[in-house]
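Each chain gets a letter, A, B and so on, in the order the sequences are listed, and its residues count up from 1. Just so you know, these numbers use all the heavy atoms, side chains as well, and skip hydrogens, waters and symmetry mates.
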Number of protein chains: 2
Amino acid sequence: MENALFGFISNYISLTEDEKNILLSLDIFRYIKKGTILLKEGQKSQDSYFVLKGCIRKYYIKDGEEKTTAFFTELDALTPHCVASKNPSDYFISCVEDSIITVSNPDLEKEVNSKFPKFEIMCRMLSEELLAKHQINFDEFKTSSPEQRYLSLLQNRPDLVQRVPQHQLASYLGIKPQSLSRLRARITEKDKE
Amino acid sequence: MENALFGFISNYISLTEDEKNILLSLDIFRYIKKGTILLKEGQKSQDSYFVLKGCIRKYYIKDGEEKTTAFFTELDALTPHCVASKNPSDYFISCVEDSIITVSNPDLEKEVNSKFPKFEIMCRMLSEELLAKHQINFDEFKTSSPEQRYLSLLQNRPDLVQRVPQHQLASYLGIKPQSLSRLRARITEKDKE
DNA sequence: GGCATTTCTTAACTTAAGTGAACGAGTTCC
DNA sequence: GGAACTCGTTCACTTAAGTTAAGAAATGCC
């Protein structure tokens with residue numbers, strides 16, 4: 001599992017064996033059971049997550065309903081908004097499957113950054129990459145219908161459609177579970193023709 | 001107009017008179033006429049924009065229709081995706097009103113950053129702030145109906161509803177102009193009760 | 001195993017957005 | 001001044017998503 005982490009990092013910077021060992025000594029790996037809630041609405045947390053294996057989910061509760069806005073799977077990083085804003089969180093984060101993640105916080109990051117300045121470079125690259133991806137996602141969401149969004153999800157993240165409960169997927173697509181069922185039936189019907 | 005720029009910068013870092021003069025000497029101010037297209041789909045550009053006065057708009061052309069995904073008004077910054085990716089742009093950027101903007105590019109930024117290292121700090125703060133705002137916007141868009149989105153726009157950016165053509169606003173809300181008209185009529189009807 | 005719960009699907013009905021067309025009010029351009 | 005356009009609105013009709021309810025299938029829990 002460490003190799004997954006080091007493999008990811010090596011896309012951005014190179015680490016010596018010594019540096020790897022220091023990272024390992026920080027005890028950042030966590031094994032999380034499906035269903036575990038990592039962050040609750042109203043909570044102030046300093047924890048950032050990085051998924052090595054599994055899937056975690058970000059959702060709001062609005063009018064008593066769960067509204068899922070993001071899934072994070074292998075090699076996705078997630079820093080909740082409340083970490084920077086220092087306000088209570090607006091949303092929940094929970095574990096969709098049994099997962100292996102690393103947990104970090106600003107203090108730990110400062111420590112690592114001072115030991116390896118190249119870490120900061122990686123963080124900047126990551127945040128730029130993330131902002132760009134986000135904007136593209138947002139634009140695609142805005143300019144598509146629910147059906148188009150579902151089809152593009154099938155193209156781009158086919159694993160999600162399999163591993164995530166349909167009702168969570170529905171709210172991720174901005175519709176109700178019943179509508180997703182119907183939409184899927186409609187597509188299958190079209191395929192038959 | 002320079003004061004608007006320096007006022008904005010002073011939220012992040014402080015500049016000496018000398019530093020201000022160097023910035024002014026770079027000749028970055030542009031006066032853009034309403035309707036001017038700053039970036040076209042398919043074009044490779046290195047220009048980033050910062051709006052001092054006026055309004056610029058980002059839009060896609062999908063199935064022959066303009067799909068507006070963002071408006072940038074006073075003190076908003078916009079670095080098109082193509083600057084970092086070095087690929088042709090997927091979208092257009094055009095000027096909604098006569099506007100005053102600053103235009104920059106990576107070379108110029110490198111030059112400024114080497115002269116004033118604190119500029120880089122500002123850029124990092126800005127990009128983090130932007131990413132956070134973006135995520136919140138995205139989540140709000142995803143978890144709302146068109147009517148809720150319109151009402152929240154009235155709350156948060158009431159000026160936009162006034163200064164931007166309705167059909168551009170409609171596509172920004174993810175609906176057709178006719179639907180926006182209807183939706184507005186519906187709301188006015190409700191208010192009468 | 002068996003009971004309860006969750007998850008997914010289907011159906012009937014309601015509501016809102018998409019579509020195509022038409023009209024009036026402004027603009028722009030000769 | 002008048003023709004051509006753009007823009008916003010309204011209307012009638014279509015299509016798709018929301019709602020409510022019900023039932024089947026899978027899962028979890030004693």
*Quantify the bending of the helix from C:dG1-D:dC30 to C:dC30-D:dG1 as the angle between its end axes, each fitted on five pairs, to 10°.*
50°
Side-chain heavy-atom pair [X], [Y] within 4.5 angstrom cut-off:
| X | Y | answer |
| --- | --- | --- |
| B:E17 | B:K20 | yes |
| B:D47 | B:L38 | no |
| B:F72 | B:I93 | no |
| B:Q135 | A:T69 | no |
| B:E74 | B:C55 | no |
| B:D76 | B:Y49 | no |
| A:Y12 | A:E129 | yes |

*Taking the side chain from B:R163 and the backbone from B:G54, do they hold a donor-acceptor pair closer than 3.5 Å?*
yes
*Is there a donor-acceptor pair under 3.5 Å between the side chain of A:S171 and the backbone N or O of A:G174?*
no
*Which residues in residues 169-177 of chain B have at least one heavy atom lying under 4.0 Å from any atom of DNA chain C?*
B:G174, B:I175, B:K176
Atom-pair distance ([atom1] on [X]; [atom2] on [N]), nearest Å:
| X | N | atom1 | atom2 | result |
| --- | --- | --- | --- | --- |
| A:E147 | D:dT15 | CD | C1' | 11 Å |
| A:Q162 | C:dC8 | CD | C1' | 14 Å |
| A:Q178 | D:dA21 | CD | C1' | 10 Å |
| A:E97 | D:dT27 | CD | C1' | 16 Å |
| A:D63 | D:dT19 | CG | C1' | 14 Å |
| A:E65 | D:dA17 | CD | C1' | 13 Å |
| B:L180 | C:dA17 | CG | P | 10 Å |
| A:K67 | D:dG18 | NZ | P | 8 Å |

*Could you please name the option among D:dA17, C:dC8, C:dA17 that lies closest to any side-chain atom of A:S179?*
D:dA17
*Quick one: are the ring centres of B:Y172 and B:F71 less than 6.0 Å apart?*
yes
*Compute the centroid of each ring, for A:Y60 and then for A:F92, and state whether the two points are separated by less than 6.0 Å.*
no
Check whether any side-chain nitrogen or oxygen of [X] sits under 4.0 Å from OP1 or OP2 of [N], and answer yes or no.
| X | N | result |
| --- | --- | --- |
| B:S181 | D:dT9 | yes |
| B:H167 | D:dT6 | no |
| B:R186 | C:dA17 | yes |

*Do other residues, nucleotides or ligands put more than 12 heavy atoms under 6.0 Å from the NZ atom of B:K40?*
no
*Name the nucleic acid region contacted by A:R182, choosing base, sugar-phosphate or nothing; use a 4.0 angstrom heavy-atom cut-off, strictly under.*
base
_Of residues 31-41 of chain A, the positions that come close to DNA chain D - non-hydrogen atoms, cut-off under 4.0 Å_ = none
